[in-house]
> 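After the structure tokens below, expect a handful of questions from me.
Order of the sequence lines sets the chain letters (A, B, ...), proteins ahead of strands, with each chain counted from 1. Predicted model only: the values in this text are computed from it and were never measured. In what follows, every heavy atom counts, from backbone to side chain, and hydrogens, waters and symmetry copies are set aside.
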Amino acid sequence: MKRKRRVSIAAILPMYLFTLLFVLGPLIYMLILSFASRDGQWGVSAEFTLKNYPRMLEPIYLRTFWNSIKLSLLSTLFVLLIGYPFGYFMARLTKKWRTIAMLLLIIPFWTSTLMRLYGWIIFFRANGVFDGLLMGLGLTTAPLKLLYSYPAVVVGMIYALVPFMIYSVYSSAEKLDWRLVEAARDLGASGFRAFLTVSLPLTAPGIFSGVILTFVPSMGLYFIADVLGGNKIVLIGNLIQEQLVKLHDWPFAAAMSVVLLVLTSVFLFLYRRVTKSDSLEGLV
Amino acid sequence: MDSALLRLENLEKSFGETRVLRGVSLSADAGQFITLLGPSGCGKTTTLRIIAGLESPDTGKVWLDGRDVTSAEPNKRDVNTVFQSYALFPHMTVEDNIGYGLRLRRKPKAEIRRAVKDALALVQLDGYEKRMTSELSGGQSQRIAIARAVIGNPKVLLLDEPLGALDYQLRRQMQLELKRLQKQLGITFIYITHDQEEALNMSDVIAVMRNGMFEQLGSVSEIYDAPKTAYVARFVGNANIVSGVVKDVSDGVITLARSDGEMSVKLTGAPPERGATVHAAVRGENVQIEPLGRDGQPPEPIVGTISDKRFAGGQLRISVTLSDGTEVTASRHGIDSPLAAGERVAVWWSPDHAVTVEGDNEA
């Protein structure tokens, strides 16, 4: 027994080392950096300072943080509303159709997300596909100018994240024993009641992990706001990128990243407390 | 005619190319214990699912208490099921599982709690309210599933091989308990099993199913003592089927001739024509196998060769192969017999113990 354990530790040791080196290492570096000072045009001086953190309380930054959180929550909600039924019914398909649906979900990932977002530009731009459709059907008379608007960013977010929700819900729903639903129906539950009292609670782990898989990345998907929101929608990610790439204020960028990380963790913590989700489908 | 509580009218059902049910009709009175007996794949579970409303028949009707419920949703029929897999809700306590049906009907909490307590007492699991279903043994899960199904006082309780997953001892015990429960509650039971012993122990009426049809429907004694077909005789009574040609009918006994001897069968119903081929069914415990030429044997007993001798189920079983390849097995409560494999023996039985049956139309 003990021996076996030692063998398994040896087997996973490289992974731990890798994680330490490339995940924990940069995180610590970022944390240290956030307490450093800017030096000249490009550099970072080792001089310890706390001023990077209070700086974020300036209204412009606060507003950006708040907007990012709002957008993430909104996107996650839509992703859940679209992804849950999709994943749930996908698990109810016959084996052949399930495979086809899975394939259709995977194929878009063969192209980079960025490229696919450019596709949305064609769709959303003035006199683009969407406008053409609406005007062709006589629903609108003038272009809606949806590109570089808030809805366009939300659609982009949903598009990029919905597959993760579908996978999570699907993997939960696939394990759902349909006989339990039949038992509920047999005991007098309508189809909807059976869903609420049996299917939903038993697929909840899929929802929990789907929400996490959606919410966490959504806080950092700044390039969607870039591509589909123009300069109008600015998220924390955009701010960090700007500080890093354009303004070369690495310590401030690091401080913002730390806050983003803490914020996301706090949300996760609260979420898990509220939903009491200990076991997460596909995670942990 | 509508005194029947549950009536199935010529149910047919196909899944794709497979015809699962080919005209099943049944009528059950209040308080009856009816067993559908048959091998797996004979359509008994499908019949049950159609009664429950979990499957709809291609043709035919289901009447419950004088109402046509053929296309009614499962939650709109006064029928509950004990599933083979128990199907207990894993995210609920025992109490919540049992009270599920009552909660759906929005009964007051105190009333539900009392009813659950009574239901637990009924299945002798008092005090199990707060357990999670994962903490239960197979037998306990079984009882909880029964408690959950009977708490709403259904008109008909459907049981799909409820004892199939239990070990032999527990199964015997649960058979008695189920029977007691059924008498106590006065609910009509439609019970599915492939175990003939179980069917014979518990039922008022047995329907022997085969290939989506009822091969025979009747009381336990009818099925056991007067099987209509060779299949029923074999499946229910483990009977031997031996064929012969009618030589003579006299004094209520049919004498049948075979190439390897003669046998006699009790005459029931109309006498068969001379020269017709008739199948006789005789159960193992009534078959006599003796060395040739003993006293008391009929003048021309069937002669065969012992092919096998073995102990099974606490009984000694001796198989004899006849000239046409038919195998006859006799069973005895005994330690051993001096007969050995390869020996030529006389095979016979008293005509009172043999009945004529219809031959297999298939297989």
> Please flag which part of A:L180 lies under 4.5 Å from any non-hydrogen atom of chain B: side chain, backbone, both or neither.
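Both backbone and side chain.
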> Chain B: which of A:L187, A:L202, A:D186 shares the most heavy-atom pairs with it under 4.5 Å?
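Result: the option with the highest number of such pairs is A:D186.
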> Within 45° of the axis and under 6.0 Å from the centre of the six-membered ring of B:F89, does NZ or CZ of B:R148 qualify?
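Yes, B:R148 and B:F89 form such a contact.
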> Cation-pi between B:R131 and B:Y128: NZ/CZ under 6.0 Å from ring centre and within 45° of the ring axis?
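Yes - B:R131 lies over the ring of B:Y128, closer than 6.0 Å to its centre and within 45° of its axis.
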> Which bit of B:L88 is near chain A, if near means a heavy-atom gap under 4.5 Å: side chain, backbone, both or neither?
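Just the backbone, heavy atoms under 4.5 Å.
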> Kindly confirm or rule out a cation-pi arrangement of A:R116 over A:F109, judged by NZ or CZ under 6.0 Å from the six-membered ring centre and within 45° of its axis?
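Because its charged atom sits under 6.0 Å from the ring centre and within 45° of the axis, A:R116 does stack over A:F109.
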> When only pairs under 4.5 Å are counted, which of A:P201, A:G191, A:A184 shares the most heavy-atom pairs with chain B?
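Option with the top pair count is A:A184.
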> For B:Y86 and B:T133, test the side chains for any donor-to-acceptor distance below 3.5 angstrom and give the result as yes or no.
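Side-chain D/A pair, B:Y86 to B:T133: absent.
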